[in-house]
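Atoms within a ligand are numbered from 1 in the order they appear, just like the ligands themselves.
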Amino acid sequence: MSELRIGVVGTGAIGREHIFRITNKLVGGKVVAVTDINEENAKAASAVCGARIEKDSLSVVNSPDVDALLVASYGPAHAESVLQAIAAGKPVFCEKPLASTAADCKKVVDAEMAFGKKLVQVGFMRRYDKGYLQLKNIISGGGIGAPLMVHCAHRNATVDPNYTTQMAVNDTAVHEIDILHWLIDDQYVSAQVIIPKTTKYARPGLTDPQLMILTTESGIVIDIEVFVNCQFGYDIQCEVCCEGGTARMAEPSFPLVRKDASRCVALETDWKQRFIEAYDVEIQDWINSTLSGEVNGPTAWDGYLAAVTADALVKSQGSGRAEPIQTGAAPVFYK
Ligand code: NAP
């Protein structure tokens, strides 16, 4: 196969961005069919790539000219489409979350293992970000010793009025949840949320900022500041403190401006810009690996781990305690 013929389920914001990059920036993939319950979105997507509009996810999956599926509908609809793809034996890239509950993520894991071959990649694009890859190389190279602590921040200038306290875990910290266990190659065992004083910029009822603590099997302690009304920009920080040194993720590069007796460097203002290259590399890697018959990248098991960890953090938002995370070891299938 020299070209991957892709069917897209969900043609909202990120679905259309992926369609645009597959059609105009990447190589080896062609979007041939799209579907969305929102007809306007499906039409807009079809206008970007020329694909036909199918009536629903199952008709996309079962189209003979669709080799692989890309799922970017809203979270609660993901698992159904992914399970349809597995039943048809077709590779599937699923935007995060893999499913909206840990139990549904587990159903996907079980279905994929029963099929006997990895078909699912989950859209945790930070694994393709240069900054995290550089950190991973330093840590796995062993030059600064074993990790002991990780300090992270995930800051947004502002969020939509419908953003909730729970979304700080499920929509925001979920990216740290996935990237950090991969970065330090360890497994989470507990999760706690500490609630500091709330900013006056948070809408009534929203708890912001939040400090999330994850501990791992080997005893590494991770702190993640989630602050979604920080006012000043989109700011992602990660510093790994090891036995023989520390490694801090490089900041996005902007010119240093000297003006009015100060030195200033710009910050990103939104996540799309900060991770645009990572999305391109991620989807290109998915196309390449799928064409070569091997699905790489974050697995359905990673999607399940993220869901279980997020559930423990949400539970701790209510209890204030450190909540256990019990996933067991990864099945050999996913190692
Ligand atoms: P969005 O703009 O709301 O798009 C979702 C689309 O799916 C909408 O057109 C929605 O229709 C449609 N939809 C809902 N249920 C459906 C179903 N059963 N079958 C087919 N289509 C359905 O949302 P988005 O921002 O693109 O996000 C989509 C997914 O990508 C979410 O899971 C989100 O978490 C994820 N995401 C990931 C990243 C990342 O960094 N990896 C970034 C952004 C988004 P309506 O308009 O009628 O609701």
Side-chain angles (χ1 to χ4, degrees), residues 7-22 31 33-48 51 53-63 66 69-85 92-101 104-105 108 120-129 131-132 154 156 159-160 162-164 166-179 182 226 228 234 236 268 270-286 297-298 300 302-303 306-307 310:
V8 176
V9 179
T11 52
I14 194 126
R16 291 215 294 279
E17 280 179 30
H18 288 329
I19 290 169
F20 180 85
R21 59 173 49 87
I22 291 166
V31 178
V34 298
T35 193
D36 197 295
I37 54 167
N38 180 325
E39 279 179 29
E40 292 308 309
N41 282 351
K43 280 184 196 156
S46 172
V48 170
I53 299 173
E54 287 281 351
K55 78 172 170 12
D56 58 20
S57 169
L58 190 60
S59 56
V60 175
V61 170
N62 288 337
S63 295
V66 168
L69 200 68
L70 189 154
V71 178
S73 54
Y74 95 131
H78 289 182
E80 186 184 5
S81 299
V82 173
L83 288 167
Q84 289 166 350
V92 50
F93 176 94
C94 179
E95 261 310 338
K96 63 88 188 160
L98 176 59
S100 53
T101 66
D104 280 352
C105 289
V108 173
V120 181
Q121 174 166 339
V122 182
F124 288 123
M125 77 299 177
R126 287 196 189 183
R127 297 204 195 184
Y128 296 88
D129 176 67
Y132 284 109
H154 189 146
N156 297 60
V159 280
D160 290 342
N162 60 356
Y163 187 96
T164 63
Q166 197 169 322
M167 285 166 77
V169 173
N170 291 319
D171 281 36
T172 303
V174 70
H175 287 291
E176 271 77 15
I177 291 172
D178 177 69
I179 198 72
W182 168 85
V226 175
V228 297
Y234 182 71
I236 300 298
E268 297 288 6
D270 84 13
W271 52 271
K272 285 185 200 157
Q273 275 315 113
R274 170 65 182 80
F275 289 109
I276 192 161
E277 280 176 30
Y279 288 116
D280 290 347
V281 179
E282 172 193 50
I283 301 296
Q284 186 66 67
D285 184 68
W286 176 66
D302 292 316

Just which atoms of ligand 1 are under 4.0 Å from any heavy atom in [X]?
X	result
His78	32 (O)
Met125	40 (O), 41 (N)
Pro97	32 (O)
Gly123	41 (N)
Ile14	26 (O), 27 (O), 28 (C), 30 (O), 38 (C), 42 (C), 43 (C), 44 (C)

May I ask whether [X] places a heavy atom under 4.0 Å from ligand 1?
X	value
Phe124	no
Gly75	yes
Phe275	no
His175	yes

Worksheet entry | Exercise: identify the closest heavy-atom pair between Val48 and Ile19 |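 So the two residues come closest at CG1-CG2, 3.9 Å.
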Item to complete: May I ask you to decide if the ring planes of Phe275 and Tyr132 are parallel, tilted or perpendicular, using 30° and 60° as cut-offs?
Response: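 Correct class here is parallel.
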Practice prompt. Classify the contact between Asp36 and ligand 1 as side chain, backbone, both or neither, using a heavy-atom distance cut-off of under 4.0 Å.
Written response: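 Both of them.
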Item to complete: For ligand 1, indicate whether the residue Lys96 contacts it via side chain, backbone, both or neither (heavy-atom separation under 4.0 Å).
Response: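 Both parts.
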Worksheet item: Nearest to atom 18 (N) of ligand 1 by heavy atom, Ala77, Gly10, Ser81: which?
Response: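 When every heavy atom of Ala77, Gly10, Ser81 is considered, Ala77 comes closest to atom 18 (N) of ligand 1.
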Worksheet item: Heavy atoms only: which of Ile37, Asn38, Thr11 is nearest to atom 16 (C) of ligand 1?
Response: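 When every heavy atom of Ile37, Asn38, Thr11 is considered, Ile37 comes closest to atom 16 (C) of ligand 1.
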